[in-house]
Q: 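Supplied in structure tokens, the structure appears directly below.
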Amino acid sequence: MTEPLDIRPADGRLGVLLAGLGAVSTTFIAGVLAVRKGIAKPIGALTQMGTVRLGKRTDGRSPGIDELVPLAPLDDLVFGGWDIFEDDCYDAARTAGVLERSLLDQVKPELEAIKPWPAVFDRRYVKRLDGPNVKGSRNKRDLAEALIDDIRRFKESQKVDRLVLIWCGSTEVFLRETDVHRGVAAFEKGLASNDDGIPSSMIYAYAAIKEGIPYANAAPNLSADVPALIDLAAKTGAPVAGKDLKTGQTLIKTIIAPGLKARLLGVSGWYSTNILGNRDGEVLDDPESFKTKEESKKSVLDYILQPNLYPELYAHLCHVVRINYYPPRGDNKEGWDNIDIFGWLGYPMQLKINFLCRDSILAAPIVLDLVLFLDLAKRAGMSGIQEWLSFYFKSPMHAPELYPEHDLFIQLMKLKNTLRYMTGEDLITHLGREYYD
Ligand SMILES: NC(=O)c1ccc[n+]([C@@H]2O[C@H](COP(=O)([O-])OP(=O)(O)OC[C@H]3O[C@@H](n4cnc5c(N)ncnc54)[C@H](O)[C@@H]3O)[C@@H](O)[C@H]2O)c1
């Protein structure tokens, strides 16, 4: 046993700020409201349904995660956010078409009360989208200050004690790290000079982190994943996590690939294709936004299979990822994976996966967990990159000298061990010698 961290209690209201009130955000908010009313169950959320084993297997101690650590209760969450469209959350949820009207109508007054504030938006970074509810073309430093004003006004008017901000906006075009991202001073100079290397999502990230507010990025664009904002997070005590929620096809990929690798089965090809018809699919139809997503989706296999250590099994893997915008399917994505594998003496085999999933149904519980865990991290005095939340992301943020951990099962172990560490419980190594000595 080690000393537990000094975790402040989750007293008072927790403000949940969402940059982008589209399919994922509205499915998350409506879901939390429905769960609060006892209409539905929070399936898929570790914070609501998960348990953690403590001590030896023979001890029989497996409390709920919410019993082990002090998490904000769902009744204490208050929602606010920005979007380039003026629709309130009820109308936005109807447009997204994820949840049935019969469910939405049961939480209609609460959803209608959430009206988006004007967004920081620039079409250069999301080419397939345009909307009227924007702050206008001011200097980027002024825009950051306008976001901070929104945040402070919300905090004051809603009487919230703590905040978390999640980027659930559209995927921005692919950008590389440049000099403007290398330090806080350079970044702040770049805001003042309207540097092109600072897209809208980074202005939201800056506003949150500057205020010491935990920040997560549900999309694959860089956003907070640059040295300047990570340094700023260390100074202001803001926990950060990202990037790109691990939901449909990539979730399955990071479940299957570690299994194949564990048995040392070779993989010569992995062809993944999707059809998707929601607004996210429309944005990703632009090659520059798709490139950001493709980079995020493709990196997982290299890290899981480790071709540098197993060249005979994985060095010649052909990995292809396609997303096709197909409006009739809406948010109900269909993914196909064809996996060419080989076994003993090199004999080839094939594995086919056809996943008829619902993108935002898979994403919403992840947003809830991130909100509650980031708030917990903040109260426990943990700032900067929260590697223990890699479990939720396709491109987990990590220290520059490390490679990211993509294996879902190692990620889960890391998450649960972090909860044990926070509460002073023994970490579980799964060695198990003690049962036989
Ligand atoms: N659904 C999933 O399973 C999943 C998985 C991984 C990542 N993501 C990412 O999460 C994000 C949200 O997905 P979604 O399905 O809700 O998409 P969506 O298109 O339904 O919602 C995005 C919303 O963001 C708004 N927006 C865009 N730029 C903005 C800005 N600068 N400020 C404020 N609002 C802005 C759009 O108007 C839209 O309403 C996307 O980037 C998507 O790639 C989703």
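As the structure lists them, so they are numbered: ligands from 1, and atoms in each ligand from 1.
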Q: After noting the C-alpha distance and the side-chain angles of F154 and W117, does the key distance pass the ring pair (Phe, Tyr, Trp, His ring centres under 6.0 Å) rule?
A: CA-CA 10 Å; F154 174 76; W117 309 313; 5.5 Å; yes

Q: Can a non-hydrogen atom of G131 be found less than 4.0 Å from any atom of ligand 1?
A: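 Checking ligand 1 against G131, which is what was asked, there is no heavy-atom contact under 4.0 Å.
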
Q: Consider every N or O of V24 and every N or O of ligand 1, then say whether any pair is closer than 3.5 Å.
A: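 Yes, since at least one N or O of V24 sits under 3.5 Å from an N or O of ligand 1.
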
Q: Below the 3.5 angstrom mark, is there an N/O of V120, backbone or side chain, next to an N/O of ligand 1?
A: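 Yes; the residue has a nitrogen or oxygen that sits under 3.5 Å from a nitrogen or oxygen of the ligand.
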
Q: Could you tell me the residue and atom name of the protein heavy atom closest to atom 18 (P) of ligand 1, and the distance to it rounded to 0.1 Å?
A: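 Closest protein heavy atom to atom 18 (P) of ligand 1: A23 N, 3.9 Å.
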
Q: So do the side chains of L163 and V160 get within less than 4.5 Å of each other, counting heavy atoms only?
A: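 Side chain of L163 against side chain of V160, heavy atoms only: contact under 4.5 Å found.
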
Q: Among all protein heavy atoms, pick out the one at the shortest distance from atom 19 (O) of ligand 1; state its residue, atom name and that distance to 0.1 Å.
A: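 I find the closest protein heavy atom is R279 CB, 3.3 Å.
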
Q: What atoms in ligand 1 come closer than 4.0 Å to a heavy atom of A119?
A: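 What qualifies from ligand 1 is 32 (N), 33 (C).
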
Q: Can you check whether K291 reaches V173 side chain to side chain, under 4.5 Å on heavy atoms?
A: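 Not in contact.
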
Q: Answer yes or no: is there a donor N or O on one side and an acceptor on the other, between the side chain of R141 and the main chain of E188, under 3.5 Å?
A: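 No, because the side chain of R141 does not come within donor-acceptor range (under 3.5 Å) of the backbone of E188.
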
Q: Apply the test salt bridge (Lys or Arg N to Asp or Glu O under 4.0 Å) to residues R124 and E172: give CA-CA distance (whole Å), side-chain angles for both, the deciding distance (0.1 Å), then the verdict.
A: CA-CA 9 Å; R124 278 181 303 164; E172 295 173 320; over 6 Å; no

Q: May I ask you to identify the nearest protein heavy atom to atom 32 (N) of ligand 1, giving residue, atom name and distance to one decimal place in Å?
A: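 The closest one turns out to be Y204 OH, 2.9 Å.
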
Q: Within this structure, what is the CD1-CZ distance for the pair I203 and F187, rounded to the nearest 0.5 Å?
A: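 So the CD1 of I203 and the CZ of F187 are separated by 7.5 Å.
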
Q: Numbering the atoms of ligand 1 from 1, which are under 4.0 Å from a heavy atom of F85?
A: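 With F85 as reference, the close atoms of ligand 1 come out as 37 (O).
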
Q: Would you please determine whether Y125 falls within less than 4.0 Å of ligand 1 on a heavy-atom basis?
A: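 Flag not set, Y125 not near ligand 1.
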
Q: For atom 11 (C) of ligand 1, which of S170, G169, S360 has the closest heavy atom?
A: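 That would be G169.
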
Q: Is it the side chain (CB and beyond), the backbone, both or neither of A363 that lies under 4.0 Å from ligand 1, heavy atoms counted?
A: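 Side chain only.
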
Q: Run the ring pair (Phe, Tyr, Trp, His ring centres under 6.0 Å) check on Y204 and Y215 step by step: do they pass?
A: CA-CA 9 Å; Y204 287 93; Y215 177 84; 8.5 Å; no

Q: Considering only non-hydrogen protein atoms, determine which one is nearest to atom 5 (C) of ligand 1 and report residue, atom name and distance to 0.1 Å.
A: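 Among all protein heavy atoms, the one nearest atom 5 (C) of ligand 1 is T247 OG1, 3.3 Å.
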
Q: Before signing off on this row, confirm whether D244 and ligand 1 have an N or O atom pair separated by under 3.5 Å.
A: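 Between D244 and ligand 1 (N or O atoms, distance only) the closest approach is not under 3.5 Å.
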
Q: What atoms in ligand 1 come closer than 4.0 Å to a heavy atom of S200?
A: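 Atoms satisfying the 4.0 Å criterion: 31 (N).
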
Q: Set out, in order, the CA-CA distance, both residues' side-chain angles and the distance that settles salt bridge (Lys or Arg N to Asp or Glu O under 4.0 Å) for R153 and D150, then state yes or no.
A: CA-CA 5 Å; R153 211 174 311 115; D150 291 340; 3.4 Å; yes

Q: Quick one: are the ring centres of W388 and F373 less than 6.0 Å apart?
A: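 Ring-ring flag for W388/F373: true, centres closer than 6.0 Å.
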
Q: May I have the step-by-step check of side chain to side chain donor-acceptor pair (under 3.5 Å) for S201 and N217, ending in yes or no?
A: CA-CA 9 Å; S201 71; N217 178 12; 5.8 Å; no

Q: Any idea which atoms of ligand 1 are less than 4.0 Å away from a heavy-atom of L245?
A: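 Close to L245: 5 (C), 6 (C), 7 (C).
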
Q: When you compare ligand 1 with W167, is there at least one nitrogen or oxygen pair between them that comes in under 3.5 angstrom?
A: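 Looking only at distances, the answer is no, because the N/O contact criterion of under 3.5 Å is not met.
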
Q: Would you give the length of the straight line joining atom CD1 of I43 to atom CD1 of I361, rounded to the nearest 0.5 angstrom?
A: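 Going from the CD1 atom of I43 to the CD1 atom of I361 covers 10.0 Å.
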
Q: Passes salt bridge (Lys or Arg N to Asp or Glu O under 4.0 Å), K127 versus D286? Steps please.
A: CA-CA 7 Å; K127 304 218 158 115; D286 169 53; 5.4 Å; no

Q: Would you verify whether the NZ or CZ of K246 falls within 45 degrees of the ring axis of F393 while also being under 6.0 Å from that six-membered ring's centre?
A: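 No, K246 and F393 do not form such a contact.
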
Q: Are K41 and Q48 close enough, and set up right, to give a side chain to side chain donor-acceptor pair (under 3.5 Å), and what steps lead you there?
A: CA-CA 9 Å; K41 296 252 179 296; Q48 309 303 303; over 6 Å; no

Q: Which protein heavy atom lies closest to atom 17 (O) of ligand 1, and at what distance to 0.1 Å?
A: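 The closest one turns out to be D280 CB, 3.7 Å.
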
Q: Does ligand 1 have any atom that is closer than 4.0 Å to a heavy atom of K394?
A: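 Yes, that is the case, since the closest heavy atom of the residue is under 4.0 Å from the ligand.
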
Q: Should D331 be counted as touching ligand 1, given the test is an N or O pair under 3.5 Å?
A: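 Among all N and O atoms of D331, none is under 3.5 Å from an N or O of ligand 1.
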
Q: Please identify which atoms of ligand 1 are closer than 4.0 Å to at least one heavy atom of A219.
A: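 Ligand 1 atoms under the 4.0 Å threshold to A219: 41 (O).
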
Q: K243 and D225: salt bridge (Lys or Arg N to Asp or Glu O under 4.0 Å), yes or no, with the steps?
A: CA-CA 8 Å; K243 313 177 300 266; D225 197 6; 2.8 Å; yes

Q: Distance to 0.1 Å, residue and atom name: give those for the protein heavy atom nearest to atom 21 (O) of ligand 1.
A: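 For this ligand atom, the closest protein heavy atom is G22 CA, 3.3 Å.
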
Q: What are the atoms of ligand 1, with element, lying closer than 4.0 Å to any heavy atom of L129?
A: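 Listed by number with element, the hits are 27 (C), 36 (C), 37 (O).
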
Q: For ligand 1 and D83, I'd like to know whether there is a polar contact (N/O to N/O, distance under 3.5 Å).
A: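 For ligand 1, there is an N or O atom that lies under 3.5 Å from one belonging to D83.
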
Q: Report yes or no: does a heavy atom of V126 sit under 4.0 Å from some atom of ligand 1?
A: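 The answer is no: ligand 1 sits nowhere under 4.0 Å from a heavy atom of V126.
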
Q: Counting non-hydrogen protein atoms only, what is the nearest one to atom 22 (C) of ligand 1? Give residue, atom name and distance.
A: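 It is C168 O, 3.5 Å.
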
Q: Quick one: does A218 get within less than 4.0 Å of ligand 1, heavy atoms only?
A: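 Flag set, A218 near ligand 1.
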
